[in-house]
**Student:** 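Below: one structure in structure tokens.
Keep in mind that the numbers below use all heavy atoms, side chains included, and drop hydrogens, waters and symmetry copies.
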Amino acid sequence: MTTVLTPASPLTAADRCDRCGAQAYLRVVLASGGELLFCAHHGRKFEPELKKIAVEIQDESGRLGSTTSATANDDER
């Protein structure tokens, strides 16, 4: 498994968790070429299983701890 530190395409507010529909902070790339998106909660919950099947995991959950604006950036609209 490889954790992507500087993703080519960052996750945006439009990317939603495949499990619950919340904003996605993790992108899991599978060997088959597919991808799964998870919120931070479900990413942590399924982490052991995801590590077994993932080719790459893009984890942007660190953004949750940073100070953010109440409005979306132009590129997130």
**Student:** Going through the distances and angles, do L36 and L30 end up as a side-chain contact (heavy atoms from CB on, under 4.5 Å)?
**Tutor:** CA-CA 8 Å; L36 299 170; L30 307 172; 4.3 Å; yes

**Student:** Measuring from atom CD of E35 to atom CD of E56, what distance do you get when rounded to the nearest 0.5 angstrom?
**Tutor:**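 That separation rounds to 10.5 Å.
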
**Student:** Check whether L26 and L64 end up in the same hydrophobic cluster, where Ile, Leu, Val, Met, Phe, Trp and Tyr are linked by side-chain heavy atoms less than 4.5 Å apart.
**Tutor:**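 Looking at the clustering, L64 is in the same group as L26.
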
**Student:** Determine the minimum heavy-atom distance between Q58 and P10, stating which atoms define it.
**Tutor:** NE2-CA, 3.9 Å

**Student:** Do D15 side-chain atoms and A24 backbone N/O form a donor-acceptor pair below 3.5 Å?
**Tutor:**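 Side chain of D15 to backbone of A24: no pair is present.
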
**Student:** Looking at residues at least two apart in the chain, or sitting in another chain, which of them share a side-chain contact (heavy atoms from CB on, under 4.5 Å) with R44?
**Tutor:**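 R44 satisfies side-chain contact (heavy atoms from CB on, under 4.5 Å) with A40, H41 only.
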
**Student:** E47: what forms a side-chain contact (heavy atoms from CB on, under 4.5 Å) with it, not counting sequence neighbours?
**Tutor:** K51

**Student:** Which of these passes side-chain contact (heavy atoms from CB on, under 4.5 Å) with L11: Q23, R27, R16?
**Tutor:**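 With L11 as partner, Q23, R27, R16 yield a single side-chain contact (heavy atoms from CB on, under 4.5 Å), made by R27.
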
**Student:** So, are E60 and R63 salt-bridged, with charged N and O less than 4.0 Å apart?
**Tutor:** yes

**Student:** Sort and list the pairs that fulfil ring-ring contact (aromatic ring centres under 6.0 Å, His included) and have at least one residue in residues 15-40, not counting sequence neighbours.
**Tutor:** F38-F46

